[in-house]
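Worksheet for the structure shown next.
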Amino acid sequence: MRLATLPRYPLATLPTPLQRARNLEVALGPRCPRIYLKRDDLTGLAFGGNKARKLEYLVADALANDATTLVTEGAAQSNHARMTAAAARVAGLRSTLVLDARHGSEIAGNLLLDHLLGAEVRIVPDKIARTALMASIGGELRAAGERPYVIPTGGSVPLGAAGYVAMVAELLTQLASIGEAPSRLYFATGSLGTQAGLVVGARAFSAPFVVYGVAVEHPVATLIADGVTLANATAAMLGLRGESRSAFSTSDITIDGEFIGAAYGVPTEEGLQAIRLLARTEAVFLDTVYSGKAMAAVIAHVRGGELNPDEAIVFLHTGGGPSVFAAGASLL
Ligand SMILES: Cc1ncc(COP(=O)(O)O)c(C=O)c1O
């Protein structure tokens, strides 16, 4: 596999901790499985999160292409945008962030950090305007003498997904050292780069667990189809698509669409309860957009008897902490 030779710019503090959530287990009652938290909220770059792993490969590619500016897009509270702006600074680059104000654009949380990092922030009213500006911004920056490197939403391209292929090897080493073989790896899935990387890594390194994405946006059928495409593209980039290996198909992508709620970015009651429970049992902070909804799935599955006390599961905490400060007292 080409993973070890893929250029990588160090941004994350690895390995992230794998911690048993014993207080949470007690709170969820005697039928609770062993729950481990894989703390990718502690990847270390500008308050952490899953994008640090993706950006290690994307920034290396940007530097190899002699870029001067990283360009990316997202919602105003995008964790990915904040971490891209931070990665740019670490690597000596500038950044331009195209952010939509669908859920407001108050200068707080991630958006405050974007400004502190000195990113060029372009706020547009909605996703349509965001797509339109992304189509033209490269030309605008080139005309101004920059060499832009455009990172699509969430860094979810094969190079970004490679970060989560590597993460599976890291996690399996940690699990081996404590003698655990969990049945599921839960996490919030959005633009699918994390999921595609995990799926490719799980197969490449023979992981025991099902990679269990909890959707925060989009119809599940669309997500599964896109996940298959991205997993196959990632495997191909890494040289994992030999004749002896079959392509990934829809049965390889598990996505639960039951916890999205009204829409992307709109908090759900179960998500809010999950945020409060994790804070009060483990002193771990989840967010309303991603990790809170993913943890709501874990809690519902424990309470509904879908998981057994004799099994173990891992919850991959993908970050999102800074948006807690933008959400403010609505979390209480
Ligand atoms: C905190 C958090 N969790 C999960 C995700 C989803 O990751 P992906 O876009 O790779 O599906 C994101 C994406 O922005 C995120 O910020």
Side-chain angles (χ1 to χ4, degrees), residues 16 37-43 45-58 72-87 97 99-100 103 109-111 113-114 151-165 167 185-201 211-218 220 222-224 226-227 229-231 233-234 253-257 259-260 264-265 267 271 274-275 278 284-297 315-327:
T16 56
L37 305 177
K38 176 63 174 160
R39 298 292 304 273
D40 270 16
D41 57 320
L42 302 180
T43 51
L45 176 69
F47 293 111
N50 60 342
K51 307 305 175 193
R53 292 184 191 266
K54 297 177 173 187
L55 285 161
E56 290 199 332
Y57 294 99
L58 294 164
T72 201
E73 60 177 312
Q77 278 303 324
S78 166
N79 302 297
H80 164 68
R82 176 246 315 162
M83 297 191 78
T84 300
L97 309 176
L99 305 177
D100 73 69
H103 300 291
N110 283 307
L111 188 54
L113 299 177
D114 298 341
I151 300 177
T153 314
S156 290
V157 289
L159 265 184
Y164 273 90
V165 180
M167 187 282 224
L185 174 67
Y186 284 84
F187 62 101
T189 197
S191 62
L192 296 160
T194 304
Q195 181 140 10
L198 291 172
V199 163
V200 173
V211 172
Y212 196 96
V214 181
V216 299
E217 189 177 15
H218 303 306
V220 168
T222 312
L223 287 171
I224 290 177
D226 292 349
T229 305
L230 189 52
T234 304
I253 309 288
T254 303
I255 296 184
D256 186 333
F259 297 87
I260 300 174
Y264 173 82
I275 291 171
L278 263 286
V284 165
F285 299 111
L286 305 174
D287 74 298
T288 58
V289 183
Y290 296 98
S291 52
K293 288 182 178 177
M295 182 52 86
F315 176 79
L316 169 61
H317 188 340
T318 47
S323 70
V324 164
F325 300 104

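Numbering of ligands and ligand atoms starts at 1, following listing order.
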Number the atoms of ligand 1 from 1 as they appear, then name those within less than 4.0 Å of a heavy atom of [X], with their elements.
{"X": "Gly320", "answer": "1 (C)"}
{"X": "Thr189", "answer": "11 (O)"}
{"X": "Thr194", "answer": "7 (O), 8 (P), 10 (O)"}
{"X": "Lys54", "answer": "8 (P), 9 (O), 10 (O)"}
{"X": "Gly193", "answer": "10 (O)"}

Practice task
Of all the heavy-atom pairs spanning Ile260 and Val216, show the shortest one and how long it is.
Solution key: CG2-O, 3.6 Å
Exercise for the section: Please report the closest heavy-atom contact between Leu99 and Ala81, naming both atoms and the distance. Expected result: CD2-CB, 3.7 Å
Completion exercise
In terms of its nearest heavy atom to atom 1 (C) of ligand 1, the top option of Gly160, Gly319, Ala188 is Gly319
Could you tell me whether the side chains of [X] and [Y] share a donor-acceptor contact shorter than 3.5 Å?
{"X": "Asn110", "Y": "Asn79", "value": "yes"}
{"X": "Thr16", "Y": "Arg53", "value": "yes"}
{"X": "Asp40", "Y": "Thr318", "value": "no"}
{"X": "Ser323", "Y": "Gln77", "value": "no"}
{"X": "His80", "Y": "Thr153", "value": "no"}

Practice task
Report yes if Gln195 has an N/O atom closer than 3.5 Å to an N/O atom of ligand 1; otherwise report no.
Solution key: no
Problem - Heteroatom proximity flag, Asn50 to ligand 1, N/O under 3.5 Å - result: yes
Completion exercise
Quick look: Lys51 vs ligand 1, heavy-atom contacts under 4.0 Å, and the answer is side chain
Exercise for the section: Under 4.0 Å, heavy atoms only, figure out whether ligand 1 is touched by the backbone of Leu192, its side chain, both or neither. Expected result: backbone
Problem - Ser291 to ligand 1, any heavy atom closer than 4.0 Å - result: no
Practice task
Answer yes if the ring centres of Tyr186 and Phe315 are under 6.0 angstrom apart, and no otherwise.
Solution key: no
For [atom], what's the nearest protein heavy-atom neighbour? Residue, atom name and distance, please.
{"atom": "atom 16 (O) of ligand 1", "result": "Asn79 ND2, 2.9 Å"}
{"atom": "atom 9 (O) of ligand 1", "result": "Ser191 OG, 2.5 Å"}
{"atom": "atom 11 (O) of ligand 1", "result": "Gly190 N, 2.7 Å"}
{"atom": "atom 4 (C) of ligand 1", "result": "Thr318 OG1, 3.2 Å"}

Completion exercise
Result for side-chain contact (heavy atoms from CB on, under 4.5 Å) between Thr43 and one of Lys51, Met167, Met83, Glu56 points to Met83
Exercise for the section: Take the angle between the ring planes of Tyr264 and His103 and call it parallel below 30°, perpendicular above 60°, tilted in between. Expected result: tilted
